[in-house]
Amino acid sequence: MSSTAPTPDSTADRIRRRGLMLVLSSPSGAGKTTISRRLLEQNPDVAMSVSVTTRQKRPGEVHGRDYFFIDPTEFNLMVNRGQLLEYAKVFDNYYGTPREAVEQSLRGGHDVLFDIDWQGTQQLRETARTDLVSVFILPPSAHELERRLTTRAQDSAEEIARRMAKANDEMSHWSEYDYVIVNHDIDDSVVAVQGILDTERLKRERQVGLSEFVRGLQAGF
Ligand SMILES: Nc1ncnc2c1ncn2[C@@H]1O[C@H](COP(=O)(O)OP(=O)(O)OP(=O)(O)O)[C@@H](O)[C@H]1O
Ligand SMILES: Nc1nc2c(ncn2[C@@H]2O[C@H](COP(=O)(O)O)[C@@H](O)[C@H]2O)c(=O)[nH]1
């Protein structure tokens, strides 16, 4: 075989596919960010939706990588201009998904990963149901959730107490999601989410190039 011949999984051979929106939600501290980072490492073709937020930057967070940190005036402007695909108030701060980056990735056939709460997921479900794949991450126990929030060491004791108090409220939305994972072991959870992504990519309605491919295939018989 010559070195320029397309291999079975080369871009030229791949069936054209519509990008999907993979949403991870959980109570704060259950592991969404950790799972997301691992998924992005394993799937360089997946785009992470970087939200805008009015909350203060945590130590180690980077503007443009973890969030776009903006002030409430700027946030309101984005809402009024229709620049957010969804937005919500979470723990007294505002968070939202910039529309343009997501739409551009989907148009390019890329999947987009979201780390957003149940309110945002409900809004995406209303506007983009067929593109949406939603996963709820549960902690193994309340004690373990508190331990994870504490060992993350990025929030004050008061903030951790506030997040623990809101955990039940967030978790009450678990049954609205397509998939639910209990995050005992991080490796197992990443394998589970990867499995969901791989399976959802194969859904017939997402493989928009299938008819064309099958026509070509049949022509060869
Ligand atoms: N399966 C796991 N076992 C042990 N520790 C874990 C596991 N998953 C995540 N962690 C740890 O728990 C802490 C919280 O995880 P992470 O920041 O990913 O949560 P999160 O759901 O994104 O929280 P938030 O909603 O506040 O952003 C981190 O220190 C992370 O390393
Ligand atoms: N509806 C949205 N929720 C979002 C968005 N970005 C993040 N979040 C959620 O907020 C909480 C708190 O996040 P933290 O970084 O302050 O710990 C968490 O549940 C996130 O999933 C968004 O754009 N929209």
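Owing to the predicted nature of the structure, the values given are computational and were not obtained by experimental measurement. Indexing begins at 1, ligand by ligand and atom by atom, following the structure's order.
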Identify whether Tyr177 and Tyr179 are in the same connected component of the hydrophobic contact network (ILVMFWY, side-chain heavy atoms under 4.5 Å). no
With a 4.0 Å cut-off, would you call Arg201 and Asp45 a salt bridge? yes
Between His110 (side chain) and Val46 (backbone), is there a donor-acceptor pair under 3.5 Å? no
Contact region, His184 to ligand 1, non-hydrogen atoms below 4.0 Å, reads backbone
Look at Asp187 together with Arg38 and state whether they make a salt bridge at an N to O cut-off of under 4.0 Å. yes
Among Glu159, Arg152, Arg58, which one puts a heavy atom closest to atom 17 (O) of ligand 1? Arg152
Atom 16 (P) of ligand 1 has as its nearest protein heavy atom Thr34 OG1, 3.6 Å
Residues Glu100 and Arg107 bridged, charged N to O under 4.0 Å: yes
Give me the residue, atom name and distance of the protein heavy atom closest to atom 19 (O) of ligand 1. Gly31 N, 3.2 Å
Ligand 1-proximal atoms of Ser28, by part, heavy-atom distance under 4.0 Å: both
Check contact between Thr151 and ligand 1, using heavy atoms of the residue and a distance below 4.0 angstrom. no
Note the single closest protein heavy atom to atom 14 (C) of ligand 1, along with its residue, its atom name and the distance in Å. Gly29 O, 3.4 Å
Salt-bridged, Arg55 to Asp92, with N to O below 4.0 Å? no
Give a yes or no answer on whether the side chain of Arg99 reaches the backbone of Gly82 with a donor-acceptor pair at less than 3.5 Å. yes
Ranked by distance from atom 8 (N) of ligand 1, the top protein heavy atom is Asn183 ND2, 3.1 Å
What protein heavy atom is closest to atom 22 (O) of ligand 1, reported as residue, atom name and distance in Å? Thr33 OG1, 2.4 Å
Out of curiosity, is Gln154 lining ligand 1, as in a heavy atom under 4.0 Å away? no
So, are Glu144 and Arg147 salt-bridged, with charged N and O less than 4.0 Å apart? yes
NZ/NE/NH1/NH2 to OD/OE distance under 4.0 Å, Asp111 and Arg17: yes
Does the side chain of Val208 come within less than 4.5 Å of Ile15's, by heavy atoms? no
Under a 4.0 Å heavy-atom cut-off, which residues neighbour ligand 2? Lys32, Ser51, Arg55, Arg58, Tyr67, Glu86, Ala88, Val90, Phe91, Tyr95, Gly96, Thr97, Asp115, Ile116, Asp117, Gly120, Arg163
Do the side chain of Ser26 and the main chain of Leu138 share a donor and acceptor less than 3.5 angstrom apart? no
Under-4.0 Å salt bridge between Glu61 and Lys57: no
For residues Tyr67 and Tyr95, establish whether the separation of their ring centroids is below 6.0 Å. yes
Among Glu144, Glu170, Arg148, Arg163, which one puts a heavy atom closest to atom 7 (C) of ligand 1? Arg148
Within the 4.0 Å heavy-atom shell around Ser26, which atoms of ligand 1 are there? 21 (O)
Under a heavy-atom criterion of less than 4.0 Å, does Arg37 contact ligand 1? no
Using a 4.0 Å heavy-atom threshold (strictly under), name the region of Asp185 that reaches ligand 1: side chain, backbone, both or neither. backbone
Could you tell me the residue and atom name of the protein heavy atom closest to atom 25 (O) of ligand 1, and the distance to it rounded to 0.1 Å? Lys32 NZ, 2.6 Å
Partner set under side chain to side chain contact (heavy atoms under 4.5 Å, CB included) for Glu176, not counting sequence neighbours: Gln122, Arg125, His173
In terms of atom number and element, which parts of ligand 1 are under 4.0 angstrom from non-hydrogen atoms of Ile186? 1 (N), 8 (N)
